[in-house]
Protein chains: 2
Amino acid sequence: MALICETCIARASDLCGAFAGGEIAVLDAIAVRLRVEAGGYLFHEEASADFVYNISSGMGLLERLASDGRRQIMSFTQPGDFIGLSPTPVYRISAQALTEMTACRWRIGDLEALFGEHPELERRLRLIANRVLATTLDQVFVLGRRNANEKLAYLLLYLAERQARIFGPSDEVWLPMTRGDIADYLGVTVETASRTFGVLRRKGLIALPAADRVVLADRASLAELADREP
Amino acid sequence: MALICETCIARASDLCGAFAGGEIAVLDAIAVRLRVEAGGYLFHEEASADFVYNISSGMGLLERLASDGRRQIMSFTQPGDFIGLSPTPVYRISAQALTEMTACRWRIGDLEALFGEHPELERRLRLIANRVLATTLDQVFVLGRRNANEKLAYLLLYLAERQARIFGPSDEVWLPMTRGDIADYLGVTVETASRTFGVLRRKGLIALPAADRVVLADRASLAELADREP
DNA sequence: CGTATTCTTGATTGGCATCAATCCAGGTGG
DNA sequence: CCACCTGGATTGATGCCAATCAAGAATACG
């Protein structure tokens, strides 16, 4: 029996990790595999929130658009992330792929049906929600109370920490998103985002071997800027 | 048997509502009642996150302080709110009382011990986390992408909607918090918060019979400013 | 190789912060 | 009862950070 799950990068993710060894077959059986090309969407704001997703591979983002076009990015996603839970009947965010992306999709009701047999699954969903909430509160603080330099320092350290989980520890961070995406995450304009990269570079805190690769040259100073552990 | 729960304003709250009728005795038995005077704290940032709380009466706020003193308010709390869940071993926020406040406190482990007998309790905790997360994402958008006028319009409509649940629908909103608290919620300064009240008042969108009472005189325009349902 | 998109940089503007003073309400004590 | 005090709220003057407007450079792509 060769389940896709058994070789999946996200096998130990918050969600799938709820099933030990062969148990994963239960989850596998009711999953639908999806592939989305770069620029495509897993789901759209305003669409009926029937499904939840676990990212298997690829990078993406979660965004919300206002009626006048202003955009706020809520999160950058990577393999292992569980997304799509919504307390409202329609999604309040869209999930876009930054690179080619694969994911598993479940009807939320199908997952809930497993809670009886697999209480660990429900516990995981609870923990995921709590963890995402904690991260979002960090973001609230950053958006409300920090300036452009501090915001970017925060994002770079945050991405480094997250990418360490999939690529291993490194001082180099990959930025699969555009400067515009970064700006919309930090609540600034593209120009300010671009200038801020320049500021941190001239200060020697980072190096930019390419637009989409940042070297954290001085983690201590970055951490101080971000008011955070290095 | 006269349980405190039976006459509690928060009897039907997200948490306590998980127990129908007499079942509530289970929750009542392991609850500790607390009273905190205005200005006091239910729990402090950095303290060990052993307890969770359900607000029985009174208004409060959840705040985070940076090492340099900058403050961000994450939420204003009211009766029925469930707070204190933390994915980290220490709280990342403090819970302060704005008025005299009463609350029930549980050791988080004691609640978890009930999950087997009362699966509805775990479901509620999951839903609460999801709902708080959704609200926090709204806040992220507001902090990242809206100007001072829009921010205040959003807060007033949000408070009106929440207070309607405990006081009933009304065009008058009570502001038990100071202008400084409002500023720290919206990510602006006290002066800007104060000026912004003035702007909305001169535009005729609100009236201010007292500093702590706002009349939503023109909900439609406020909703348009906030990009939100009236 | 040409075109489109993204990124960067410059000049200027504008919104909010900062600094500073005054106003006001509630509480206190003479 | 009222002068005084205190913390919060408001208003004004000025400055600064990031937005906006504009142009050019680098990179990706057909």
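These values consider heavy atoms only, across backbone and side chains, with no hydrogens, waters or symmetry-generated copies. Proteins get letters first, then strands, A, B, ... in listed order; numbering begins at 1 in each.
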Could you tell me the separation between the CG atom of A:L152 and the P atom of D:dA18, rounded to a whole number of Å?
12 Å
Side chain of B:R195 - closest among D:dT10, D:dA13, D:dT20:
D:dA13
Grab the CZ-C1' distance between B:R202 and D:dT10 for me, whole Å please.
10 Å
A:L208 has an atom CG; how far is it from atom C1' of D:dA26, in whole Å?
14 Å
How long is the span from the CG atom in A:L133 to the CG atom in B:L85, to the nearest 0.5 Å?
9.0 Å
Would you compute the distance between atom OG1 of A:T196 and atom CD of A:E150 and round it to the nearest 0.5 angstrom?
11.0 Å
Exactly one candidate in A:D14, A:D138, A:D81 meets salt bridge (Lys or Arg N to Asp or Glu O under 4.0 Å) with A:R131; the answer is A:D14
Can you check the B:L200 CG to D:dT10 C1' distance for me, whole Å?
15 Å
Roughly how many Å is it from CG in A:L186 to P in D:dA18, rounded to a whole number?
11 Å
Per the ring pair (Phe, Tyr, Trp, His ring centres under 6.0 Å) rule, what does the pair list look like for residues 66-105 of chain A, sequence neighbours excluded?
A:F43-A:Y91, A:F76-A:Y185
What is the 5' to 3' range of DNA chain C, first to last nucleotide, that sits under 4.0 Å from any heavy atom of chain B?
C:dC16 to C:dC19
Residue A:E191, side-chain heavy atoms: nucleotide from D:dT10, D:dA19, D:dT20 that is nearest
D:dT20
Does CD in A:E224 sit with more than 12 non-hydrogen atoms of other residues, nucleotides or ligands closer than 6.0 Å?
no
How close or far is atom P of D:dG8 from atom CZ of B:F197, stated in whole angstroms?
16 Å
Find the distance A:L175:CG to D:dT27:C1' and express it as a whole number of Å.
16 Å
Quick one: label B:S194 by what it contacts on the DNA or RNA (base, sugar-phosphate, nothing), any heavy atom closer than 4.0 Å.
base
Hey, are B:D181 and B:T178 close enough side-chain-wise for a donor-acceptor pair under 3.5 Å?
yes
Assign B:T189 to base, sugar-phosphate, or nothing according to its heavy-atom contacts below 4.0 angstrom with the strands shown.
base
cation_pi(A:R179, A:F197) dist<6.0 Å, angle<=45
yes
